[in-house]
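Just so it is clear: chains get the letters A, B, ... in the order the sequence lines come, proteins before strands, and each one is counted from 1.
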There are 2 protein chains.
Amino acid sequence: MSQDREPRPRRLRNIAELAKLAGVSAGTVSRALADKSLVNRETRERIQALAREHGFRPNQMASRLRTGQTGVVGVVIPLGHEQKQHISDPFFMTLLGQLADALIDRGYDLMLSRALPVDNAEWLERIVDSGMLDGVLLIGQSDQFHNIESVAARYRPLVVWGTHREGQQHCVVGTDSFAGGRLAAQHLIARGCRRIAFFGDTRGLEIERRLAGARAAAEESGTGTRIDGFATHLSAEEMVSQIAADLDRMDPATDAIFAASDLIAMATLRQLHERGRKVPKDMALVGFDDLPMTEQTVPKLTTIHQDIAGGARAMVASLLARIAGEDTPSTIMVPRLVVRESA
Amino acid sequence: MSQDREPRPRRLRNIAELAKLAGVSAGTVSRALADKSLVNRETRERIQALAREHGFRPNQMASRLRTGQTGVVGVVIPLGHEQKQHISDPFFMTLLGQLADALIDRGYDLMLSRALPVDNAEWLERIVDSGMLDGVLLIGQSDQFHNIESVAARYRPLVVWGTHREGQQHCVVGTDSFAGGRLAAQHLIARGCRRIAFFGDTRGLEIERRLAGARAAAEESGTGTRIDGFATHLSAEEMVSQIAADLDRMDPATDAIFAASDLIAMATLRQLHERGRKVPKDMALVGFDDLPMTEQTVPKLTTIHQDIAGGARAMVASLLARIAGEDTPSTIMVPRLVVRESA
DNA sequence: TTGAAAGCGCTAACAC
DNA sequence: GTGTTAGCGCTTTCAA
C-alpha cells in the first residue's frame with residue numbers, strides 16, 4: 001500500500017547526491033549513515049530517513065578501499081592431490097556451514113574459493129595479496145604444508161584447519177588425528193579384530209596421521225594385529241567403485257575396516273550390504289568425523305568424533321584475534337570414540 | 001634453495017612503488033600488469049618479472065572500485081520461516097558446491113551470505129545495493145516471494161532457485177515441483193498405497209507445490225487416496241524428534257510416506273527402522289532431490305530427481321547473461337522419478 | 001608507446 | 001556540529 005502512495009524517487013548514485021538533497025555536505029552524510037555520535041541527532045535522523053526513502057546505501061567497495069578494512073574473510077579449500085574432490089564434500093560443507101554462521105554472526109562476509117595448487121603454485125599468495133580480504137581461512141592443508149608455512153611467515157591473519165606438526169609456523173585448528181586413529185584401532189582390537197583394512201588416501205596429512213595412529217595402536221597391543229592401507233579416492237564417483245574393488249581384493253581374513261572419513265564409511269557400509277556381509281558381525285566398521293548423517297545409517301556408524309562446530313568457532317575466534325594483530329596458538333582438539341552399532 | 005639465494009626485497013605497497021622501481025609511470029605498470037597490448041613487449045615483460053620477483057599484486061578493491069566491476073557474485077540463502085535451518089543443509093550445500101565450481105570456472109568469486117528476513121525486512125536490498133556484487137544468486141525463495149519480486153523489478157542481475165508462478169517477474173531456475181509431487185504420488189498409488197503421509201513444511205513455496213502435485217495425483221487417480229500433511233521442521237535437530245512424533249500419531253492405516261526432501265526421507269527411514277517397520281513392505285517411502293547420498297542408504301531411496309548440477313549451470317549462465325545486460329527467461333526443469341528400493 | 005592527471009565513492013583529519 | 005580537503009590504489013582518457 002505505502003508503495004503505491006509514494007512512488008520511489010530516482011535512485012541516488014552516491015553520498016554526494018544525497019548530501020545535495022539534504023542540503024548538507026558529503027562528510028555529514030557519511031557520518032550520519034555510520035551513526036557517528038558527532039553529528040546532530042536531528043540532522044542524522046533526517047538524513048537516515050532520506051536514505052531509507054530513496055533506498056540509498058553507501059558503496060561498500062569505496063568505503064572498504066578507503067578504510068582499508070574489507071569486512072570479508074576468505075574461505076579456501078585447497079585441492080592439491082585430491083583434485084577430483086568436490087567442494088560439496090560433506091565434511092567441507094559441514095565445516096563451511098559452521099564457519100559461515102560464525103563469521104556472519106560477527107559481521108563478516110565470506111568469500112569462497114576453491115584452489116587448485118596443481119594448476120597454480122601461487123594460489124595462496126594470490127588470495128592473501130588480493131587486497132579483498134581481512135583474513136583467510138583454509139579448510140585443509142591438502143599436500144601444501146610447506147607452501148602454507150611460507151605464506152604464513154609473512155601473512156598473519158591466516159588460520160588453517162588441519163594437523164599440527166612439531167614446530168610449525170602456521171596457526172592450525174584441528175583434531176589430533178593420530179590420537180583419533182589410535183582410538184579407532186584400539187576399539188577394533190578390543191573387540192577382537194586382528195586384521196584391519198584402512199580406507200583412505202594418505203597423501204593428505206590428516207589421513208596419514210590417522211593411519212599412523214592406528215598402526216601405533218596395533219603395535220602397542222602386542223596382538224600382532226595388521227593394518228593394510230588402501231588409498232581410497234575422495235571423489236564420490238570414484239570412491240564407490242574403488243571401495244568395491246578393494247573389498248574384493250583384500251585379504252579374506254580382514255575382520256574390520258577403519259574408514260578415514262564417515263563418507264568413506266557410508267559408502268563402504270553400502271558395498272558390504274550389497275555383498276551380503278553383515279556389519280558388525282562379519283565386518284566391523286569405524287568411521288571418522290561424526291557427521292550428523294552418521295546417526296541415520298543402518299546400522300548406526302561407530303566413529304571418531306571431531307567437534308566441527310567447536311572447531312569452526314575456534315578458527316573464527318583465532319582469525320579475528322589475528323586480524324586485530326594478536327598472535328594465536330594452534331588449537332588441537334581431542335577426538336572421542338563414539339560407539340554406535342557398526343563396531 | 002632459490003629462496004635462500006635471493007632474500008625477498010621489501011614488499012611493494014602499490015603500483016606507484018613498482019613504477020618507481022621500474023622507472024616508468026603508474027599507468028604503464030597498470031597496463032603491463034593487465035597484459036594490455038599497447039605497452040611495449042619488452043617493458044611489459046620487465047615489469048611483470050619485477051612484479052613476480054617482489055610478489056606484487058594490484059589491490060583488487062581499488063581496481064574494482066575504479067572499473068565498477070567487482071568480479072564477485074553473491075550467493076544468498078534466505079531463511080524466512082525456516083530460521084533454524086542451517087546453512088549446512090545438504091541440498092543447499094550440494095547446490096552451493098555446484099554453483100561455486102561453475103562461478104570459479106568463469107572467473108568469479110563467490111560471496112556467501114545467510115539472510116534472516118525475519119530480523120531484517122531489507123535483507124535483499126542491502127545485499128544488492130552493497131556495491132560489492134556484480135550479481136546475486138538466491139538459493140530458495142523461502143517465504144519471500146513478493147519481496148524478491150519487488151527487488152527484481154529494478155535489479156536485473158538476480159537469479160533465484162525455486163518455483164515459478166504464473167506471471168512472475170524474477171528469473172527462476174528450478175524443478176517443476178508440482179509435477180514432481182504428482183510423480184511421487186502416482187508411483188505410490190500405482191504400488192497400491194491409499195493413505196499417504198506428506199512430511200514437509202508447506203510454508204516454503206516449493207514444498208507447497210510438491211504437496212499440491214501429490215494431492216492432484218490422488219484426485220486424478222479416482223482411488224480415494226488421501227494425503228495427510230505433516231509440517232516437518234527443516235532443522236536437523238528438531239526434524240528427528242518431530243518425525244518420531246508424527247510417525248506415532250499418524251493414522252495407523254497410513255501405508256506410504258512422501259518426504260519433501262531426501263534429508264527428511266533419510267531421517268524417516270531411520271525412525272521406521274527403529275520401530276521395526278520394514279521399508280517398503282510395511283511402509284513405502286519416496287524422497288525428493290536425489291542427493292548423492294540417497295544411493296548409500298539401506299534400502300536405497302526411491303526419490304524424485306532434480307538436476308542440481310544442471311540447475312547450477314543454468315543459474316550461472318542466466319546470471320552472467322544478465323550481468324551482461326541481457327534478459328533471460330526462467331528455466332523449469334522436468335523432475336524424474338528414480339525407483340530404487342524404498343518404494 | 002608512455003606520462004600526466006582526473007576520478008571511481010567513500011572516510012577522516014583538520015578547520016571553523 | 002558541520003564543511004573542506006586530501007587521499008585509499010587503481011584505471012583510463014588525453015596529450016605528447
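- Regarding Arg64(B), its CZ atom lies at a distance of 17 Å from the C1' atom of dG9(C), rounded to whole Å.
- In this structure, Asp134(B) contributes its side chain and Thr70(B) its backbone to a donor-acceptor pair below 3.5 Å.
- With rounding to whole Å, Leu18(A) atom CG is found 13 Å from dC10(C) atom C1'.
- Within the nucleic acid shown, Thr67(A) comes within 4.0 Å of sugar-phosphate atoms alone, with no base atom in reach, counting heavy atoms only.
- When rounded to the nearest whole Å, the span between CZ of Arg46(B) and C1' of dT1(C) equals 13 Å.
- Using a 4.0 Å cut-off between a side-chain N of Lys or Arg and a carboxylate O of Asp or Glu, Asp129(B) and Arg154(B) qualify as a salt bridge.
- The separation between Arg66(A) atom CZ and dT11(C) atom C1' is 5 Å, rounded to whole Å.
- Atom NZ of Lys36(A) and atom P of dT11(C) are 8 Å apart (whole Å).
- In this structure, CG of Asn14(A) is placed 12 Å from C1' of dG7(C), rounded to the nearest angstrom.
- We find that Glu45(A) and Arg52(A) are not joined by a salt bridge, their nearest charged nitrogen and carboxylate oxygen being 4.0 Å or further apart.
- In terms of heavy-atom proximity, Ala312(B) sits nearest to Leu95(B) at CB-CD1, 4.0 Å.
- Extent of DNA chain D lying under 4.0 Å from chain B heavy atoms, first and last nucleotide in 5' to 3' order, is dG9(D) to dT13(D).
- Among the atoms of the strands shown, base atoms are found under 4.0 Å from some heavy atom of Leu65(B).
- For the pair Glu326(A) and Arg156(A), the salt-bridge criterion is not met [side-chain N within less than 4.0 Å of a carboxylate O].
- Using a 4.0 Å cut-off, no side-chain N or O of Ser25(B) falls inside it from OP1 or OP2 of dA4(C).
- Atom CG in Asn59(B) sits roughly 13 Å away from atom C1' in dC8(C) (whole-Å rounding).
- Separating the CE atom of Met132(B) from the C1' atom of dC8(C) is a distance of 15 Å, rounded to the nearest angstrom.
- Arg322(B) and Thr328(B) are linked by a side-chain donor-acceptor pair at a separation below 3.5 angstrom, with hydrogens and angles left out of the test.
- Two residues are said to be in side-chain contact when any heavy atoms from C-beta on lie closer than 4.5 Å; Asn147(B) and Glu125(B) meet this criterion.
- Base pairing in DNA chain D yields stems of at least 3 consecutive Watson-Crick or G-U pairs, both distances under 3.5 Å, namely C:1-16 with D:1-16.
- Remark: Met111(A) CE to Met132(A) CE distance equals 3.5 Å, nearest 0.5 Å.
- Between Val24(B) and Gly27(A), the one whose closest nucleotide on DNA chain C sits nearer the 5' end is Val24(B).
- Residues His170(A) and Gln141(A) bring a donor and an acceptor atom of their side chains to less than 3.5 Å of each other.
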